[in-house]
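Residues take their numbers from the sequence shown, with the count starting at 1.
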Amino acid sequence: LVPKKYTHLIGGILFLYFGVKLTLESRGMEDKVSEELEEVEEELAEMSKKQKVAMKKKQMQHEEDGGMDDDQQETGMAGGGDVEDGAAVKRRGG
């Protein structure tokens, strides 16, 4: 319908138009991106603080329990044993 010469010309013009348009929009977005980045960094810092507090609580609980984890408390074995079918089985190194 439209000669090849004109389709190439129209394609080039559209490419330039949208390229310039996106470049101008991206320059205006730099401020928005930095604001969002600051918000994300703040959220990550808060999450990190919460994780540190949780780890300290868990460590304190672990120390109060005499250094045994939950499985060791259930079996009464401080040597890192596993429980299979109700019988305490010593772990094999591997």
| query | Per the side-chain contact (heavy atoms from CB on, under 4.5 Å) rule, which among Lys49, Gln51, Lys57, Lys56 passes with Val53? | reply | Lys57
[atom1] of [X] to [atom2] of [Y]: how many Å apart, nearest 0.5 Å?
X: Glu41; Y: Glu43; atom1: CD; atom2: CD; answer: 11.0 Å
X: Leu14; Y: Thr7; atom1: CG; atom2: OG1; answer: 11.0 Å
X: Lys4; Y: His8; atom1: NZ; atom2: NE2; answer: 5.0 Å

| query | Considering residues at least two apart in sequence or located in another chain, which fulfil the side chain to side chain contact (heavy atoms under 4.5 Å, CB included) criterion with Tyr17? | reply | Lys21
| task | Taking the side chain as every heavy atom from C-beta outward, state whether Lys5 and Leu9 have any atom pair closer than 4.5 Å. | result |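 No, too far: nothing below the 4.5 Å cut-off.
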| query | Is there a donor-acceptor pair under 3.5 Å between the side chain of Thr23 and the backbone N or O of Gly19? | reply |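 Looks like yes, one N/O pair under 3.5 Å.
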